[in-house]
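All chains are named by letter (A, B, ...) in the order of the sequence lines, taking the proteins before the strands, and each is independently numbered beginning at 1. Everything quoted here is computed from the prediction, not taken from an experiment.
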Number of protein chains: 2
Amino acid sequence: MRPTIYDIAERAEVSIATVSKVINNKGKIGEKTKQRVLAIMDELDYQPSTVASALTGKQTNTIGLLVPDIANSFFAELARSVEDTGHAGGFNVVICNTDNNPEKEIQYLWWLNQKRVDGIILGTGIQNTKALQDFMKQNIPLALVARDAAEIDVDTVLVDDYRGGYAATKHLLKAGHTRIAFVVGEMNNSSDTERLKGFYEAYDEHGVSREEAVLVQDNHSIDDAKKSMLEALQSDPDITAVFALNDFLAIGCIQAGKEAGRRVPEDLSVVGFDDTFIATLSDPPLTTVAQPILEMGRLVTQMLVDRIGGKNETTRTVILNPELHVRKTTANVKKAERDVTNS
Amino acid sequence: MRPTIYDIAERAEVSIATVSKVINNKGKIGEKTKQRVLAIMDELDYQPSTVASALTGKQTNTIGLLVPDIANSFFAELARSVEDTGHAGGFNVVICNTDNNPEKEIQYLWWLNQKRVDGIILGTGIQNTKALQDFMKQNIPLALVARDAAEIDVDTVLVDDYRGGYAATKHLLKAGHTRIAFVVGEMNNSSDTERLKGFYEAYDEHGVSREEAVLVQDNHSIDDAKKSMLEALQSDPDITAVFALNDFLAIGCIQAGKEAGRRVPEDLSVVGFDDTFIATLSDPPLTTVAQPILEMGRLVTQMLVDRIGGKNETTRTVILNPELHVRKTTANVKKAERDVTNS
DNA sequence: TTGAAAGCGCTAACAG
DNA sequence: CTGTTAGCGCTTTCAA
């Protein structure tokens, strides 16, 4: 069996209290005893049980991370950043895939609570606000990332989605596009709605009627986006550009464009969102609104760790600026028309 | 504060032993008391502390997963599968990114041990065999996935890398390619060496001299692959095909090809490995040797969970068959020559 | 059926 | 400086 603090105490001929003190480097212990105890701990491969010390009021040094799907690059990259930062602070992180399923979200929350994790990062929308507020009575540190939830008062890190939507749209509008497809998932979270607001704001500012825009909803995968974009392109050939709310959907749109015989970017401009690695690997490389994923992960984790440590009193919301990364999937609409004529 | 078993017992006017029994559905308790206790637990949002019960001999219901980098799609998809399967069995999973760094590998192992996780899945090469064997004295259930380690006796799930390498190469050879670049990372694990063996075996079988092959090593990223492939292509224009050991590297090679003015697949055929989602999203879609990632994750996790539960006595090694998925990045070399002549 | 009591491995007063 | 002791929240005999 694994050695316990008693085994160490016995072999070192001291009390368990003394051993505990050298483990935690607390109180005063003679240098000699300390060395002796240390030597024996080493010899026996002794490690204090986190389980036992957690029971006596200490932490579990574990945090939970809820995301819709870790296989989605955005969340994978975010998780990497969270884990790195947590690791640096002595924390392990347990991942939870919610699939945006309200029941799984709540279930995971309670599971983590039962395991006495020290804190939880929510990278998934919590649909059931009531249940969440109930949960918060447990008083376990929470932090939000890439999600906004005005109803609850917790540390939050996100990107200015409104500006992101605005920037992407303006870029397209300036290139002469007016009939733009807005390709989105469920449109059930603040990110989506904020981006749409920015989208419309740009329309207004350019004096283009919002009627010109075409909303393409309910896209949950590359294939969904491809399919619905294909339909949109067929029923409305005037569409010359698309703004997709994540890089995956954008890739689907590029594929749809190609399948519909539209060259990208000459005949169809595409802008994505997130700037995960697939944006650079796409062909052509994708113009997209970049979220500083790694920084977001680092920030939330740091905020959560600080809160666990009892620092920062008031809750904070950090809003980062998204940045439009112009690559090769967007072109001037005039150029597009000229090309079409020539071919 | 969170309610404890004592609070429940008090309110229900029974002993904590009774409460414990209804929690675990053990022993015999009167239906009435049972209902009363249950009602109170519910009312108080009571959840037994995993920490406390783990201290009294029960499990933590947590497993660890070590991977080089969760941001790498192969491991992200694997992690998703592991988490799903674990979740179904009542386990949470904590992720650990090792970056293939021997020190991090060992450190994580001991961290997890200290937290008393019930088992660990190794999806990363453990370079330090000695340290690993030392660790195994802790007697904590271990399982390997996508890695082979003949030195240690643990449950293992992997793909037949030899066959995978052979299949990919044969596909290229049959298309008339002989000068093939073998693009690999560090070549420091069994997967890589086995695939190389399969690669050479195909050469031998086709009566092509192994001298024809060109090894391109030390590629750790898309950019690495792109760069070294570009160099290879310039210094050796006779190369007409490449076999890259993962999809990322393959994408880099496609990019290199395009940059070198080679059309893919007409002037350069590319075969990857893994079949992560980026293979379908690449342009053209990537021909690649598919690993059944989800199944692999499901299997190891199930094996580990079974072992934790005290089932399966002897350790097992499950070898899955890789499958060549032919898509659009490979073409006949003759056709390539003809095309070149025409243009 | 129910309960009393002894631990699980560790921490934290409080005494010496 | 070092040791004694009382818990932390739960499980598990063993009696009643």
Would you indicate, yes or no, if [N] has its OP1 or OP2 atom less than 4.0 angstrom from a side-chain nitrogen or oxygen of [X]?
X       : N      : result
A:Lys21 : C:dT11 : no
B:Ser20 : D:dT11 : yes
A:Ser49 : C:dC8  : no
B:Thr18 : C:dT1  : no
B:Ser15 : C:dG3  : yes

Rounded to whole Å, how long is the line connecting atom [atom1] of [X] with atom [atom2] of [N]?
X        : N      : atom1 : atom2 : result
B:Met41  : D:dC10 : CE    : C1'   : 13 Å
A:Glu13  : D:dG3  : CD    : C1'   : 14 Å
A:Ile29  : D:dT2  : CD1   : C1'   : 10 Å
B:Lys26  : D:dT11 : NZ    : P     : 8 Å
B:Arg116 : C:dC10 : CZ    : P     : 7 Å
A:Lys28  : D:dG3  : NZ    : P     : 17 Å
A:Lys115 : D:dG9  : NZ    : P     : 19 Å
B:Arg36  : C:dT2  : CZ    : C1'   : 11 Å

Inset, instruction - Mind checking A:Val14 for me? I need base, sugar-phosphate or nothing, with any heavy atom below 4.0 Å counting as a touch. - result: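 Here A:Val14 touches the backbone only, sparing every base.
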
Inset, instruction - Just call it for A:Gly30: base, sugar-phosphate, or nothing, with non-hydrogen atoms closer than 4.0 Å on any strand. - result: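 Sugar-phosphate only.
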
Legend entry - Position toward the 5' end of DNA chain C (nearest nucleotide), B:Gly27 or A:Ala52: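 Checking each residue's closest nucleotide, the 5'-ward one belongs to B:Gly27.
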
Legend entry - First of B:Lys58 and A:Leu55 reached from the 5' end of DNA chain D, by closest nucleotide: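 Taking each residue's closest nucleotide, the earlier one in sequence belongs to A:Leu55.
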
Inset, instruction - Establish whether the base of D:dC8 is bridged to the side chain of B:Tyr6 by a donor-acceptor pair shorter than 3.5 Å. - result: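 No such pair is found, so the answer is no.
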
Ionic contact status for [Y] with [X], cut-off 4.0 Å:
X        : Y        : result
B:Asp7   : B:Arg11  : no
B:Asp155 : B:Arg307 : yes
B:Asp99  : A:Arg80  : yes

Legend entry - Residue A:Thr56, side-chain atoms from C-beta onward, closest of C:dT11, D:dT12, D:dG9: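 Out of C:dT11, D:dT12, D:dG9, the nucleotide with an atom closest to A:Thr56's side chain is C:dT11.
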
Legend entry - Ring geometry between B:His87 and A:Tyr108 (parallel below 30°, tilted from 30 to 60°, perpendicular above 60°):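 The arrangement is tilted - the two ring planes meet at 30° to 60°.
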
Legend entry - Close side-chain approach of A:Ser81 and A:Met296, heavy atoms under 4.5 Å: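 No. Closest side-chain heavy atoms not under 4.5 Å.
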
